[in-house]
J.: 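Have a look at this one.
These numbers come from a predicted model, not from an experiment. The first residue in the sequence is number 1, and the count goes up from there.
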Amino acid sequence: MAHAQTASEAHRSWERGKSCAARGQWAEAERAFRQAVRLQPKQVVYLLNLARAQLGQGRHADTLETVQQALRIEPDHEVAQALAVHCLMELKRPLEAAELMQRAPERERADAAFHFQLGRALEAAGRPREAIQAYMEALARKIDLAPAHAHLGYCFNVVDMKEEAAQCFRTALTLGCGEHDLNLLGLLAYREREVCRWVDGAQDARALRDAIEALGEEEDRPLAAFPNLALFDDPALHLRAAQVTARYAARGVAPLESPSMPAVRGRRLRIGYVSSDFFHHATTLLFAGSLEAHDRTRFEVTLYSHSRDDGSELAQRVRQGCERFVDISDLRADEAARRIRADGIDILVDLKGYTKESRPEIFAYRAAPVQVSFLGYPGTTGAPWMDYVIGDPVVTPLEDAPFYTEKIAQMPLCYQPNDSQRALPPPMTREQAGLPEDAVVLCAFNQPYKISPEVFDAWCEVMHRVPRSVLWLLEWNEQVRKNLIGHAQARGIEPERLVWAPLLRYEQHIARLQNADVFLDTWPYNAHTTASDALWAGVPVVTKKGRSFASRVAASLNCAVGLQELVADDPAGFVERAVALARDLERRRSLRDALAGARQGRLFDSSRFARDIERLYEAMADRSVRGLAPDHLPAVA
């Protein structure tokens, strides 16, 4: 009799909970369901309703704990497994989610949705090859599942199968992925450029431009902003794409209460840097020396990292080069923003922009009184929550202000920091570098996504006019090599005049780079770190200056070392400068000597860079403390 009474009371609590849940009163529903579970703890239906009430309040950890209790009673319960997988994914524990799914009974593996979800978990867990197999299983059951084609493309890209990735994106676009189509269109054009597959490139780029220009003024949707920097020398288009990206990043974000900066007098200014690149990465190669050179009597520096730790010497340097190193990898954007706010950061600096693994949502929450875009993204973020972008008079002239939502803060010489401790080993011999002894070596070590048909036309024209020259390229993957050899043959250049350099450790790379005679740049996305590597190695850089930030970086670097003469305004001027230099051995020797002296100059002086950027930070802080809105900060010599 008592058992029946207990069951009846539990049932009434359950019914009461369902009624509350139907009205969205999740806290009240949770109390009722918890009472039902207390009375009958073995009833899975009560446990799952309790879990749903907890989920309705966004408490994924509590939901998971309740669901796991249900699974101990019924290990194969499909609803409980699905809820557990959902919570594990939300809690950023994708490998556990995948392992749970892989233990599911065979009857649950029949449909495409199961394998697609398994693929998502494996992809998030950093197991792209296993994810590819899961997506293939999904497509075997439903060939027209567009998201599976898209995610298959993401995974092919990770394993360096760029052409296959592009084909997957094209298929997904044909089938239609709703609001994700614009993002896929950008990725398609970009991935094809990454392998120098130009057959459909112009058509895909036009389609992307048309789609971006057709967007409404307040549109927000997934959009890959970065590819536009490489595809178009159009700062107005870059701004439009960035604004769409920013609005999408801010979806669902409720900014924290507007922060104010306390007076700085009598204390150090607190600077925070946010990045996923605090390891052996181009950004850290550039910035490590200036980070270490910050004046610790006036500035307190914290790194907020969502990086992988590759165990490199560079990763250790940046950890030792700050006062606090905070790992925010496992924090949600709102949690990271609250942590930064609690730390009292005055100026928060984004070193990522819209590059790989960026987290703009942290900044959308308004984590700090002043927020700054620097180094990682050569263009505007289009984000109303970013106050400043750090540039210089060449990359960000003040007349370009209409193309930026941020105020422009100009460094006096060049926006790009360079590490005074950069490696400079003895040069390899040409034989060791795989180069012919008597050739003029035209080096073009930029990533392949920067190589357009127009750029390659110019390079090949230089080679035709300098018959003893070879084009020295990095061998990023076999697909790039195959395609560029075909493009060279179509332009009358024999395959043996293309020399392929394998990827090496940084020190070895600098050792071999010293064998180049002339560095040929790309546009509209110039060499950035690669250009400063060349100048450091004593190799003069011939570049073409464009209209956008990304297309002016090499010009800025050349100006910083006094080589303005090697900056062209158009492709014809680029070719003339490159040919003249390639034919003039004495001029190349003179420039090599000048660049050797420039290593002791301002461009490569980490301490001087630190002082210059600190002055910008102090000017930003001064305006903020006085209650003034951000404003342009012109360069001061």
J.: Is any NZ, NE, NH1 or NH2 atom of the basic residue among Arg129 and Asp160 found under 4.0 Å from an Asp or Glu carboxylate oxygen of the other?
T.: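 Not counted as a salt bridge, because no side-chain N and carboxylate O are separated by less than 4.0 Å.
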J.: Which heavy atom of Asn526 sits nearest a heavy atom of Asn446, and at what distance?
T.: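 Scanning both residues, the minimum pair turns out to be C-ND2, 4.1 Å.
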J.: Are Asp343 and Arg339 within salt-bridge range, i.e. N to O under 4.0 Å?
T.: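 Here Asp343 pairs with Arg339 in a salt bridge, since their nearest N and O are under 4.0 Å apart.
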J.: Does Asp521 offer a backbone N or O that forms a donor-acceptor pair with the side chain of Trp459 under 3.5 Å?
T.: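 Yes, Trp459 side chain to Asp521 backbone: donor-acceptor pair under 3.5 Å.
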J.: Drop me the distance from His528's NE2 to Asp533's CG, to the nearest 0.5 angstrom.
T.: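 It comes to 13.0 Å.
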J.: If you round to the nearest 0.5 Å, how far is CE of Met411 from CG of Asp612?
T.: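 Between atom CG of Asp612 and atom CE of Met411 there are 4.5 Å.
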J.: Is a salt bridge present between Glu614 and Arg298, judged by a nitrogen-to-oxygen distance below 4.0 Å?
T.: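 Salt bridge between Glu614 and Arg298, a charged N being under 4.0 Å from a carboxylate O: yes.
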J.: Charged N to carboxylate O below 4.0 Å: is that the case for Asp346 and Arg267?
T.: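 Yes, charged N to carboxylate O under 4.0 Å.
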J.: Which atoms form the tightest heavy-atom contact between Ser276 and Ser307, and what is the distance?
T.: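 Residues Ser276 and Ser307, closest heavy atoms: C-OG, 3.0 Å.
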J.: Is the closest basic N to carboxylate O distance between Glu361 and Arg359 below 4.0 Å?
T.: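 Result for this pair is no, no salt bridge flagged.
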J.: Can you see which heavy atom on Ala554 is nearest to which on Ala531, and at what distance?
T.: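 Closest pair (atom of Ala554, atom of Ala531, distance): CB-CB, 4.5 Å.
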J.: Decide yes or no on side-chain hydrogen bond (donor to acceptor under 3.5 Å, both in side chains) for Thr529 and Ser532, but give the supporting numbers first.
T.: CA-CA 5 Å; Thr529 307; Ser532 56; 5.4 Å; no
J.: Is it the case that Lys162 and Asn157 place a side-chain donor and acceptor less than 3.5 Å from each other?
T.: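 Note: Lys162 and Asn157 side chains meet the donor-acceptor criterion.
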J.: So that I can tick it off, tell me whether Asp419 and Arg422 are bridged by a salt bridge, with the cut-off set at under 4.0 angstrom between side-chain N and carboxylate O.
T.: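 A salt bridge is absent here (no side-chain N lies under 4.0 Å from a carboxylate O).
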J.: Can you name the nearest heavy-atom pair linking Ser290 to Phe609, along with the distance?
T.: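 In terms of heavy atoms, the two residues are closest at OG-CD2, 3.5 Å.
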J.: Answer yes when Asp400 and Arg552 have at least one side-chain N-carboxylate O distance shorter than 4.0 Å, and no when they do not.
T.: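 The answer is yes: the pair qualifies as a salt bridge.
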J.: What I want to find out is whether Asp517 reaches Arg588 closely enough, with some N-O distance under 4.0 Å, to be called a salt bridge.
T.: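 A salt bridge is present here (some side-chain N lies under 4.0 Å from a carboxylate O).
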J.: Is the positively charged end of Arg319 above the ring of Phe325, judged by distance under 6.0 angstrom from the centroid and angle within 45° of the axis?
T.: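 Yes, a cation-pi geometry.
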J.: May I ask you to say whether Asp570 pairs ionically with Lys545, meaning some side-chain N is under 4.0 Å from a carboxylate O?
T.: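 Salt bridge between Asp570 and Lys545, a charged N being under 4.0 Å from a carboxylate O: no.
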J.: Give a yes or no answer on whether the side chain of Thr245 reaches the backbone of Ala241 with a donor-acceptor pair at less than 3.5 Å.
T.: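 Yes; judged by distance alone, with no hydrogens or angles, the pair exists.
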J.: Just checking, is any N or O donor in the side chain of Ser305 or Asp327 under 3.5 Å from an acceptor N or O on the other one?
T.: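 Result is no, nothing qualifies.
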J.: Do NZ/NE/NH1/NH2 and the carboxylate oxygens of Arg512 and Glu507 come within less than 4.0 Å?
T.: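 Salt bridge flag = no for Glu507 with Arg512.
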J.: Can we say Asp605 and Arg602 salt-bridge, meaning some charged N sits less than 4.0 Å from an Asp/Glu carboxylate O?
T.: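 Looking at Asp605 and Arg602, the cut-off is not met.
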J.: Quick one: which of Leu375, Val274, Ile271 gives a side-chain contact (heavy atoms from CB on, under 4.5 Å) with Val349?
T.: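 With Val349 as partner, Leu375, Val274, Ile271 yield a single side-chain contact (heavy atoms from CB on, under 4.5 Å), made by Ile271.
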J.: Tell me whether the count of non-hydrogen atoms from other residues, nucleotides or ligands lying under 6.0 Å of CD in Glu431 goes above 12.
T.: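 It does not: Glu431 CD has 12 such atoms or fewer within range.
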J.: Salt-bridge test for Glu300 and Arg324: reply yes if a basic N is under 4.0 Å from a carboxylate O, no otherwise.
T.: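 Salt bridge between Glu300 and Arg324, a charged N being under 4.0 Å from a carboxylate O: yes.
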J.: Could you walk me through whether His487 and Ile493 pass the side chain to side chain contact (heavy atoms under 4.5 Å, CB included) check?
T.: CA-CA 9 Å; His487 295 319; Ile493 301 295; over 6 Å; no
J.: Any idea which heavy atoms bring Ala458 and Trp523 closest together, and the distance?
T.: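 Heavy atoms of Ala458 and Trp523 come nearest at CB-CH2, 3.8 Å.
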J.: If the threshold is 4.0 Å, N to carboxylate O, is there a salt bridge linking Arg430 and Glu437?
T.: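 Salt bridge flag = no for Glu437 with Arg430.
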J.: Where do Ser551 and Asp233 land on the side-chain hydrogen bond (donor to acceptor under 3.5 Å, both in side chains) test, with the steps shown first?
T.: CA-CA 7 Å; Ser551 70; Asp233 189 19; 3.3 Å; yes
J.: Of all the heavy-atom pairs spanning Cys414 and Leu603, show the shortest one and how long it is.
T.: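 Closest approach of Cys414 to Leu603: CB-CD1, 4.1 Å.
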J.: As a quick check of understanding, evaluate side chain to side chain contact (heavy atoms under 4.5 Å, CB included) for Met386 and Thr405, giving each step before the final call.
T.: CA-CA 8 Å; Met386 298 304 291; Thr405 51; 5.9 Å; no
J.: I'd like to know if Asp277 and Lys352 make a salt bridge, using a cut-off of under 4.0 Å between side-chain N and carboxylate O.
T.: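 Salt bridge present between Asp277 and Lys352.
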J.: Taking the six-membered ring for Trp, are Tyr506 and His509 parallel (under 30°), tilted (30 to 60°) or perpendicular (over 60°)?
T.: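 Answer is tilted, since the angle falls between 30° and 60°.
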J.: Is it the case that the ring center of Phe226 lies less than 6.0 angstrom away from the ring center of Tyr354?
T.: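 Ring centroids of Tyr354 and Phe226 are no less than 6.0 Å from each other.
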J.: For Gln416 and Asn418, does a side-chain donor sit closer than 3.5 Å to a side-chain acceptor?
T.: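 Per modelled atom types, Gln416 and Asn418 side chains form a pair under 3.5 Å.
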J.: Taking the side chain as C-beta and beyond, is there a heavy-atom pair between Leu442 and Met463 under 4.5 Å?
T.: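 Yes, at least one pair of side-chain atoms sits under 4.5 Å.
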J.: Hey, what do you get for CG (Asp392) to OG (Ser556), rounding to the nearest 0.5 Å?
T.: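 Rounded to the nearest 0.5 Å, the CG-OG separation comes to 3.5 Å.
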J.: Could you state the interatomic distance from CZ (Arg270) to CZ (Phe299), rounded to the nearest 0.5 Å?
T.: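 If we round to the nearest 0.5 Å, Arg270:CZ and Phe299:CZ are 13.0 Å apart.
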J.: Under the side chain to side chain contact (heavy atoms under 4.5 Å, CB included) rule, what do Leu581 and Leu566 come out as? Steps first, then yes or no, please.
T.: CA-CA 9 Å; Leu581 189 57; Leu566 299 184; 4.1 Å; yes
J.: So, do Phe278 and Tyr273 have ring centers that fall under 6.0 Å from each other?
T.: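 Judged by ring-centre distance (under 6.0 Å), Phe278 and Tyr273 do not meet the cut-off.
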J.: Measure the CG-CG distance between Leu513 and Leu504 for me, rounded to the nearest 0.5 Å.
T.: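 One gets 11.0 Å once the value is rounded to the nearest 0.5 Å.
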J.: Taking the basic N atoms (NZ, or NE/NH1/NH2) and the acidic carboxylate oxygens, is any pair closer than 4.0 Å for Arg317 and Glu313?
T.: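 Salt bridge: no.
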J.: Any side-chain heavy-atom pair from Leu435 and Trp472 closer than 4.5 angstrom?
T.: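 Yes, their side chains come closer than 4.5 Å.
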J.: Glu163 pairs by salt bridge (Lys or Arg N to Asp or Glu O under 4.0 Å) with which of Arg193, Lys482, Arg191?
T.: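 So, applying the salt bridge (Lys or Arg N to Asp or Glu O under 4.0 Å) to Glu163 and each of Arg193, Lys482, Arg191, only Lys482 qualifies.
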J.: Any chance the side chains of Gln447 and Glu194 put a donor and an acceptor closer than 3.5 Å?
T.: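 Not at all, the side chains of Gln447 and Glu194 share no donor-acceptor pair under 3.5 Å.
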J.: Do Glu618 and Arg623 come within less than 4.5 Å of each other through their side chains, counting heavy atoms only?
T.: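 Answer no - side chains too far apart.
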J.: Looking at Arg268 and Glu323, does any basic side-chain N land under 4.0 Å from a carboxylate oxygen?
T.: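 Yes, Arg268 and Glu323 are salt-bridged.
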J.: Is the distance between the ring centroids of Phe403 and Phe549 under 6.0 Å?
T.: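 No, ring centres 6.0 Å or more apart.
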J.: Does the ring center of Phe374 lie less than 6.0 Å from the ring center of Phe287?
T.: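 Under 6.0 Å, so yes.
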J.: What I want to find out is whether Asp457 reaches Arg491 closely enough, with some N-O distance under 4.0 Å, to be called a salt bridge.
T.: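 Yes, Asp457 and Arg491 are salt-bridged.
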J.: Quick one: are the ring centres of Phe445 and Phe519 less than 6.0 Å apart?
T.: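 No.
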J.: Verify side-chain hydrogen bond (donor to acceptor under 3.5 Å, both in side chains) between Glu406 and Thr380, making sure each step is shown before the conclusion.
T.: CA-CA 7 Å; Glu406 308 91 345; Thr380 182; 2.7 Å; yes
J.: Starting at NE2 of His238, measure out to OG1 of Thr381 and round the result to the nearest 0.5 Å.
T.: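 If I round to the nearest 0.5 Å, the distance is 14.0 Å.
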J.: Check step by step if side chain to side chain contact (heavy atoms under 4.5 Å, CB included) holds for Leu563 and Leu595.
T.: CA-CA 9 Å; Leu563 292 184; Leu595 288 173; 4.0 Å; yes
